[in-house]
Amino acid sequence: MRIGARELLRHATFHAGPGQRVALVGRNGAGKTTLTSLLAGVNPSDSPISSTGSITTRGEIGYLPQDSRVGDVEELAMQRVLSARGLWELRRRIERAEHEMSTTTGARQARAMERYARLDAQFTMRGGWAAQAEAASITANLGLDPRVLQQPLRTLSGGQRRRVELARLLFSGAPTLLLDEPTNHLDVDSITWLRDYLQQYSGTLVMISHDVTLVRQVATEVWYLDAMRAELDIYHMGWDRYLQQRDVDERRRRRERASAEKKAAALLAQANKMRAKATKAVAAQNMQRRAEALLAEVAPAQRVERVANLRFPAPAPCGKTPLTASHLSKSYGSLEVFTDVSLAIDRGSKVVVLGLNGAGKTTLLRLLAGVEAPDTGVVQAGHGLKLGYFAQEHDTLDLDLTVVENLRHAAPQLDDTGVRNILGSFLFSGDDADKPTRVLSGGEKTRLALAVLVVSSANVLLLDEPTNNLDPASREEILRALATYEGAVVLVSHDEGAVSALNPERVLLLPDGDEDLWSEDYAELISLA
């Protein structure tokens, strides 16, 4: 498979069947998300992704993409879950038949009774009320409050939408699951439950995850997508044995490469000597071809993988309190998210926002960023405010633009060379910089969104789960940048390392809006939030 001119994978043959639980691993941008989407049959016609070969599937495939913005946004959350088995529509039709039975007479009532009996039989065959109880159990274990399940999808945060999609897949009973970062936006209890659930899953599972504990406990084998060789290495073993075997394989490849280079160097030296004589020119050319063939047969030398060079911007000058929010309230329909929340962000201050899933953390950042308007209250910009907003669903990126166009739009003051130099430091070089943003993996979108922040000169950063989808090396780079940034930060994160790197001074607790000085007593709430 390719994206534009870049080869991601060549000549891969593999099989996964019932009982196999596969961890698909590789660095950010290696092509894991692209491969998974192809296996799921998702490849938009206007996408630059191209592939050869064939994919054969049996039965229904349940696919969890990193972008959870799917489905009718007016659909209720529980309706979305139950629709995986067609139960929601059956329930509505049964209710209409019941109403008609009670309000009509004669032939019309008789038809309604026949329709009711037929629909009730279908409902029973699909599990009926027991299935609804199963759906309720799954949603509860994924941290979805019953009141959230009665809301339209458009009113939910990105994390809530993603948990609804995950619940829908698990409820569907699909014999094959393809899960791309399934633990994103889950609290610690939900992650623990999901690990146990997937350990007992008897179907076929292929998952992408940077959660090492999940991979270690669930995966029965590992597929490693090597970005340098564009090859898929299959390891029929668990995570710990895979790490040992991969190290052995890398040492073997280095020995083979060194041996081939030594033999090739000897052949080339001999060929150069023979070229001096016209009678041996053909033999010299043959020796050179043999040397090239030797090198082509072995894997290239393993290079140290590059990591994005992230440094948050030097903050632009501003007043003492560049951002103030007073008496904010927000509701979606009848659901009250929070009321009367106030917050003052002083120059250089560090604030972490904590609260259970659904408490309104993402909503608060969207209000502060001006993406949404509060129902009551006001957000006021102080002298010299320059906001930088990182959205957990990458809403700040234009998916219809290329990578380079997104950054050029964010930094019109930079010439093309400056834009491409910045992108290069975030590992978007050459053809990668000209890719449409919509084909990027979650980790690549995160890197691009961070690159946009870097050119912003922001003095207040609003960061909503900035370490999601990142490989360990890239995550460490963000933590280092957080620790050295001199501007103000308002952080929402389930990542204890991110909060520790921020070294916050204050904590805002939602939905009550209580503010307190930070203490380590709050640290244990981070993974629960």
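The closest donor-acceptor contact from the side chain of Lys350 to the backbone of Gly487 lies under 3.5 Å. Of the possible polar contacts, one joining the Thr139 side chain to the Ala135 backbone as a donor-acceptor pair under 3.5 Å is found. Between the side chain of Asp516 and the main chain of Val507, no donor-acceptor pair closer than 3.5 Å is present. The closest donor-acceptor contact from the side chain of Glu181 to the backbone of His210 lies under 3.5 Å. A distance-only check finds a donor-acceptor pair linking the side chain of Arg347 to the backbone of Cys318 [under 3.5 Å]. A donor-acceptor distance shorter than 3.5 angstrom exists from the side chain of Arg162 to the backbone of Pro65, with no hydrogens or angles considered. With Thr36 contributing its side chain and Lys32 its backbone, the two residues share a donor-acceptor pair below 3.5 Å. Side-chain N or O atoms of Asp180 include none that pairs as donor or acceptor with a backbone N or O of Ile208 at under 3.5 Å. Judged by distance alone, with hydrogens and angles left aside, the side-chain atoms of Thr204 form a donor-acceptor pair with the main-chain N or O of Gly17 at under 3.5 Å. Between the side chain of Ser456 and the backbone N or O of Leu453, at least one donor-acceptor pair lies under 3.5 Å.
Using modelled atom types, one finds no donor on one side chain facing an acceptor on the other under 3.5 Å when comparing Asn141 with Tyr197. With 3.5 Å as the limit, one finds a donor-acceptor pair spanning the side chains of Asn406 and Thr437. Gln217 and Gln199 share no side-chain donor-acceptor pair at under 3.5 Å.
A pairwise comparison of heavy atoms in Leu508 and Gly513 identifies CD1-O, 3.5 Å as the closest pair. The shortest non-hydrogen separation linking Leu8 to Ala30 is CD2-O, 3.7 Å. In terms of heavy-atom proximity, Ala131 sits nearest to Arg85 at CB-NH1, 3.5 Å. When all heavy atoms are compared, the tightest approach of Asp187 to His494 is CA-CD2, 4.3 Å. Between Tyr485 and Ala458, the shortest heavy-atom contact is OH-O, 2.8 Å. Gly26 and Tyr224 get closest at one heavy-atom pair: CA-CE1, 4.0 Å.
Summarising the geometry, atom CZ belonging to Arg447 is positioned 11.0 Å from atom NE2 belonging to His394; distances are rounded to the nearest 0.5 Å. Expressed to the nearest 0.5 Å, how far OG1 of Thr33 lies from CG of Leu178 amounts to 11.5 Å. With values rounded to the nearest 0.5 angstrom, Thr467 atom OG1 is found 3.5 Å from Asp495 atom CG. Atoms CG and OG, from Asn468 and Ser493 in turn, are 7.5 Å apart once rounded to the nearest 0.5 Å. Taken to the nearest 0.5 Å, the OG atom of Ser37 stands 10.5 Å off from the CD atom of Gln66. From Phe171, atom CZ reaches atom CE of Met78 across 8.5 Å, with rounding to the nearest 0.5 Å.
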Discussion item. Using the rule given for side-chain contact (heavy atoms from CB on, under 4.5 Å), can you reason through Arg91 versus Leu82, listing the C-alpha separation, both sets of side-chain angles and the distance that settles it, and then say yes or no?
Written reply: CA-CA 10 Å; Arg91 260 183 57 182; Leu82 292 175; 4.0 Å; yes
Discussion item. With side-chain contact (heavy atoms from CB on, under 4.5 Å) as the criterion, how do Val492 and Leu364 come out once you've worked through the C-alpha distance, each side chain's angles and the decisive distance to 0.1 Å?
Written reply: CA-CA 10 Å; Val492 171; Leu364 176 63; over 6 Å; no
Worksheet item: Run the side-chain contact (heavy atoms from CB on, under 4.5 Å) check on Leu194 and Thr183 step by step: do they pass?
Response: CA-CA 8 Å; Leu194 181 63; Thr183 59; 4.2 Å; yes
Discussion item. Between Trp518 and Leu502, does the side-chain contact (heavy atoms from CB on, under 4.5 Å) criterion hold? Intermediate values first, please.
Written reply: CA-CA 11 Å; Trp518 174 261; Leu502 181 66; over 6 Å; no
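Because its NZ or CZ atom is not both nearer than 6.0 Å to the ring centre of Tyr201 and within 45° of the ring axis, Arg21 does not count as a cation-pi partner of that residue.
Considering only heavy atoms from C-beta on, Thr176 stays 4.5 Å or farther from Arg58 through its side chain. Residues Phe338 and Thr363 meet the side-chain proximity criterion, which asks for heavy atoms closer than 4.5 Å. The shortest distance between side-chain heavy atoms of Val341 and Pro374 does not fall below 4.5 Å. Taking the side chain as every heavy atom from C-beta outward, Ser190 and Arg163 never approach each other to under 4.5 Å. Val490 is listed as a side-chain neighbour of Leu365, based on a closest heavy-atom distance under 4.5 Å. Between Glu372 and Lys330, some side-chain heavy-atom pair lies under the 4.5 Å cut-off. In this structure, Phe390 and Thr446 have side chains that are in contact, with non-hydrogen atoms separated by less than 4.5 Å. Side-chain contact between Leu156 and Gln151: present, with at least one pair of heavy atoms (C-beta onward) separated by less than 4.5 Å.
Salt bridge annotation for Arg168-Glu165: absent, with no cationic side-chain nitrogen under 4.0 angstrom from a carboxylate oxygen. The pair Glu405-Arg408 does not count as a salt bridge, with every side-chain nitrogen at least 4.0 angstrom from each carboxylate oxygen.
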